[in-house]
Amino acid sequence: SNKEKKFDVLVYSKKRRIDNNFHQLYDGLISLLEKDEKITYHVIEYGSHSREEYFKKVSESRLTAWLSIEDYCSAAQLECQYLDCPIIGTKYNLTDTFDEKYWVNAQTMSSNEWIKWDHDAHIKYYDGIKKILEDYENIVGLPSRFIKTKYSLGSYSRYVKSVLDNMDW
């Protein structure tokens with residue numbers, strides 16, 4: 001419930017080697033959050049926490065802002081949503097989400113430079129955070145239900161059975 005949430009936002013900081021613009025995004029977003037007296041936040045840095053610490057921080061947060069240049073269906077994202085914490089991310093760093101309308105259009109993909117953050121990515125993330133916080137009461141339960149439906153053993157076994165049933169042996 002809302003009373004259990006100590007923070008509005010968990011900033012998940014995951015700088016990758018290929019990410020030359022990470023600090024512009026991270027510093028810009030933190031600056032916007034610092035100036036906003038209505039939004040509380042805390043940060044977790046990839047690789048510097050235990051599983052238990054991650055689960056605790058996610059459970060204390062209304063949403064997670066996923067700052068990683070790319071992530072493809074990461075276990076940490078599935079766990080976050082299982083714990084009913086929606087994620088703000090992009091189509092390149094949040095491939096499995098309960099609702100794609102909460103993706104932020106903050107990255108550009110090009111053949112020569114791969115994925116890059118847009119110069120105003122921090123503003124797009126901030127706006128996305130505000131959107132989820134505004135919609136929060138209507139979102140409660142949806143991330144968890146999405147994961148339990150899509151990633152349950154029963155769901156997976158039905159999927160495998162459908163593939164096998166449709167194979168031309």
Side-chain angles (χ1 to χ4, degrees), residues 1-16 19-46 49 54-110 114-151:
S1 76
N2 287 351
K3 292 179 181 136
E4 298 167 9
K5 306 294 184 182
K6 294 181 183 175
F7 299 94
D8 293 315
V9 182
L10 172 61
V11 177
Y12 188 89
S13 170
K14 187 175 183 180
K15 176 161 182 353
R16 299 202 173 227
D19 190 351
N20 298 325
N21 299 55
F22 177 83
H23 291 293
Q24 178 182 337
L25 167 66
Y26 178 85
D27 295 345
L29 180 59
I30 294 298
S31 177
L32 289 169
L33 292 173
E34 280 289 318
K35 290 175 186 165
D36 190 325
E37 295 177 4
K38 294 178 187 157
I39 298 178
T40 58
Y41 76 94
H42 55 161
V43 177
I44 194 164
E45 189 176 331
Y46 175 77
H49 56 83
Y54 175 66
F55 291 164
K56 183 177 187 309
K57 286 193 176 226
V58 167
S59 296
E60 293 173 341
S61 308
R62 284 191 177 83
L63 69 97
T64 297
W66 204 268
L67 306 189
S68 174
I69 191 98
E70 61 178 359
D71 253 315
Y72 297 97
C73 191
S74 77
Q77 290 178 347
L78 300 180
E79 292 159 353
C80 185
Q81 292 180 96
Y82 178 85
L83 293 168
D84 207 35
C85 186
I87 300 172
I88 288 288
T90 74
K91 63 183 177 180
Y92 302 114
N93 74 3
L94 179 60
T95 55
D96 266 8
T97 180
F98 78 101
D99 194 334
E100 293 175 1
K101 79 177 182 185
Y102 294 107
W103 273 344
V104 290
N105 187 18
Q107 292 177 314
T108 305
M109 167 80 88
S110 67
W114 190 230
I115 301 168
K116 282 184 68 173
W117 293 110
D118 295 346
H119 71 282
D120 60 349
H122 59 292
I123 296 168
K124 292 175 179 175
Y125 263 82
Y126 179 67
D127 290 343
I129 287 167
K130 290 190 296 187
K131 182 177 180 183
I132 281 196
L133 290 175
E134 287 170 15
D135 294 354
Y136 186 74
E137 293 302 321
N138 299 317
I139 292 172
V140 172
L142 298 179
S144 184
R145 191 172 320 128
F146 168 75
I147 297 301
K148 290 173 183 173
T149 302
K150 188 170 179 186
Y151 289 95

Peer 1: Tell me whether Lys15 forms a cation-pi arrangement with Tyr46, defined as NZ or CZ under 6.0 Å from the six-membered ring centre and within 45 degrees of its axis.
Peer 2: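 No, cation not above the ring by the 6.0 Å, 45° rule.
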Peer 1: What's the shortest heavy-atom distance between Ala106 and Lys124, and which atoms?
Peer 2: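 Heavy atoms of Ala106 and Lys124 come nearest at CA-CD, 3.8 Å.
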Peer 1: Just list the side-chain donor-acceptor pairs under 3.5 Å for residues 20-28, sequence neighbours left out, or say none.
Peer 2:
residue, atom, partner, partner atom, Å
Gln24, NE2, His119, O, 3.0

Peer 1: Where does the angle between the aromatic ring planes of Tyr54 and Trp66 fall among parallel (under 30°), tilted (30 to 60°) and perpendicular (over 60°)?
Peer 2: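 Answer is perpendicular, since the angle exceeds 60°.
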Peer 1: Fit a plane to each ring of His42 and Phe7, take the angle between them on a 0 to 90° scale, and name the class: parallel (under 30°), tilted (30 to 60°) or perpendicular (over 60°).
Peer 2: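 Rings of His42 and Phe7: parallel, as their planes differ by under 30°.
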Peer 1: Got a salt bridge between Lys130 and Glu134, using NZ or NE/NH1/NH2 to carboxylate O under 4.0 Å?
Peer 2: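 Answer for the salt bridge query: no.
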Peer 1: Which residues satisfy the salt bridge (charged side-chain N to carboxylate O under 4.0 Å, His left out) test with Lys57, sequence neighbours excluded?
Peer 2: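 For Lys57, no residue satisfies salt bridge (charged side-chain N to carboxylate O under 4.0 Å, His left out) once neighbours in sequence are set aside.
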Peer 1: Asp84: which residues meet the side chain to side chain donor-acceptor pair (under 3.5 Å) condition with it, sequence neighbours left out?
Peer 2: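 Side chain to side chain donor-acceptor pair (under 3.5 Å) check on Asp84 returns nothing, list empty.
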Peer 1: Return the minimal non-hydrogen interatomic distance between Pro86 and Phe98, and the atom names on each side.
Peer 2: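 Distance-wise, the nearest heavy atoms are CB-CE2, 3.6 Å.
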Peer 1: Measure the CG-CG distance between Leu78 and Leu83 for me, rounded to the nearest 0.5 Å.
Peer 2: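 Here the interatomic distance stands at 11.0 Å.
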Peer 1: For the residue pair Thr40 and Lys6, what are the closest heavy atoms and their distance?
Peer 2: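 For Thr40 and Lys6, the tightest heavy-atom pair comes out as OG1-O, 3.8 Å.
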Peer 1: In terms of side-chain geometry, is the basic nitrogen of Asp135 or Lys131 positioned less than 4.0 Å from the acidic oxygen of its partner?
Peer 2: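 So Asp135 does not pair with Lys131 through a salt bridge.
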